[in-house]
There are 2 protein chains.
Amino acid sequence: MDHTKPRTDPRIVRTRQLLKDAFIDLLEEMEIEKISVNRIAERATINRVTFYLHYRDIPDMMDKMADEMVEDMQRALDESPPIDSDRGDSLILLNLLEHIADNAKFYKVILGSRRTPVFTERMLKMLSDSVKRRIEQFGMNDSMVDAGIQKDVAIWYGSAALIGTIVAWLRNDMPYTPTYLAKQFTMLRAYPQWRSTEGV
Amino acid sequence: MDHTKPRTDPRIVRTRQLLKDAFIDLLEEMEIEKISVNRIAERATINRVTFYLHYRDIPDMMDKMADEMVEDMQRALDESPPIDSDRGDSLILLNLLEHIADNAKFYKVILGSRRTPVFTERMLKMLSDSVKRRIEQFGMNDSMVDAGIQKDVAIWYGSAALIGTIVAWLRNDMPYTPTYLAKQFTMLRAYPQWRSTEGV
DNA sequence: TTAATTATCTAACACATTGTAAATTAAGTC
DNA sequence: GACTTAATTTACAATGTGTTAGATAATTAA
């Protein structure tokens, strides 16, 4: 089999980049309901017909952008050092947080927008898969097992807490450094979270 | 001032109910992008023009439905007994979970749909306000304060974990009873969640 | 029960958006 | 420089949007 990739035509790269940039641009300015293929093409200075040569429709474009986002995030996670130190867990997350901070404009628009759930959905899936793998590899905390906590509930809880915190962090214009936030995660996991008289 | 409410015309009640039911119906069948005012009116056996007598457009309709949803949820929370027993916290949540279970069809469609973030957004806001009020009333756990956990991060983390777990519970067709899930919440808050070698 | 009120329906309109097609021009590859 | 492929232009039918004006039906008040 020939795996020499054909090196895509620069025109394709250029067009897709222009379209994606235009989309992010528009998302900053208006609700997604108001964004049409017309507007995207106009903003990208690309003919509308050309849009359809690359994407079936806007949701299809968003799907593909979400694919790329997840790939980037996964790459950031994979670049992390192996877990060996006792602070390994926060270090892994740190790389992800730093990757997000480095591309803050993109992530703030895409994850912070109130009407683009595709992206948060995909990120949630990635993180919960990741949490799941680790739980299956290492098992749960003994005290959790003893207490009768269901594995799937722990996965739902943990991954939702992660992504929700990251999204809130972005929406609030990242008031903490990635390092500081990563430490907060470690502590939130390490300490019981509420007194018995609290909670919703 | 005269506060005798004018008792809304039954035709208005009927029409709005038909429109909302039709919308939920369609959301079960197709992605929101494919739902038009045309289709909603047709399914509701209501003239399309009549739709515009009640709502400005589809997002406006969703906003109003989200308002009503939050009102219902808040009512369920308010009906809860005051916190006096040492299991008070899980009992409060229990009423919310039971309310959701009682209206499972509606909530599964509305919160489970991958493209209707308005509703999860609003629920997140309500829950995080609720978590915030309690934290401000009772303060955080001493061990959390000592560890230097930020109040806002704790709020983000806790409310995102709550809503994410509830949404996952719905999407998985509620494999646990409300009571059981409420207990899981209590335990997840009471025990450290990961060993030091775990986490994303 | 009748009269007044108000919600819904009908038909029509201008306009935007969608998705596709065929022929032409421009850019990139070999 | 010849070949290949991407992007453009122009055009089209179909669908959706939001609004208007007048007719009809249901509700309420006298």
Quiz item: A/R48 side-chain donor-acceptor pair to C/dG19 base, under 3.5 Å: yes
Touch class at under 4.0 angstrom, heavy-atom based, for A/T50 against every strand present: base
Touch class at under 4.0 angstrom, heavy-atom based, for A/I12 against every strand present: sugar-phosphate
I want to check one thing: is the phosphate of [N], taken as OP1 and OP2, less than 4.0 Å away from some side-chain N or O of [X]?
X: B/N47; N: C/dT10; result: yes
X: A/H54; N: D/dA7; result: yes
X: A/T15; N: D/dA6; result: no

Modelled atom types, side-chain donor and acceptor of A/Y107 and A/D102, under 3.5 Å: no
Nearest non-hydrogen partners of A/L188 and B/M144, listed with the distance: CD2-CE, 3.9 Å
Check this for me: does any side-chain nitrogen of one of [X] and [Y] sit under 4.0 Å from a carboxylate oxygen of the other?
X: A/E28; Y: A/K108; answer: no
X: B/D67; Y: B/K64; answer: no
X: B/R133; Y: B/D129; answer: no

Send over the distance from [X] [atom1] to [N] [atom2], rounded to a whole Å.
X: B/F51; N: D/dT19; atom1: CZ; atom2: P; value: 12 Å
X: B/E33; N: C/dT17; atom1: CD; atom2: P; value: 17 Å
X: A/L53; N: D/dT4; atom1: CG; atom2: C1'; value: 15 Å
X: B/I35; N: D/dG16; atom1: CD1; atom2: C1'; value: 14 Å

Of all the choices, [options], which nucleotide is nearest to the side chain of [X] once you look at every atom?
X: A/D9; options: D/dG18, D/dA6, C/dT18; result: D/dA6
X: B/P10; options: C/dT20, C/dC9, D/dT28; result: D/dT28
X: A/N38; options: D/dT17, C/dT18, C/dG19; result: C/dT18

B/K34 and B/E29, any side-chain heavy atoms less than 4.5 Å apart: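 Counting from C-beta outward, B/E29 and B/K34 never come under 4.5 Å.
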Over 12 non-hydrogen atoms of neighbours within 6.0 angstrom of NZ in B/K132: no
Look for any protein N or O under 3.5 Å of an N or O in nucleotides 20-26 of chain D and output each such pair with its distance, or none.
from	atom 1	to	atom 2	distance (Å)
D/dA26	N3	B/R11	NH1	3.1

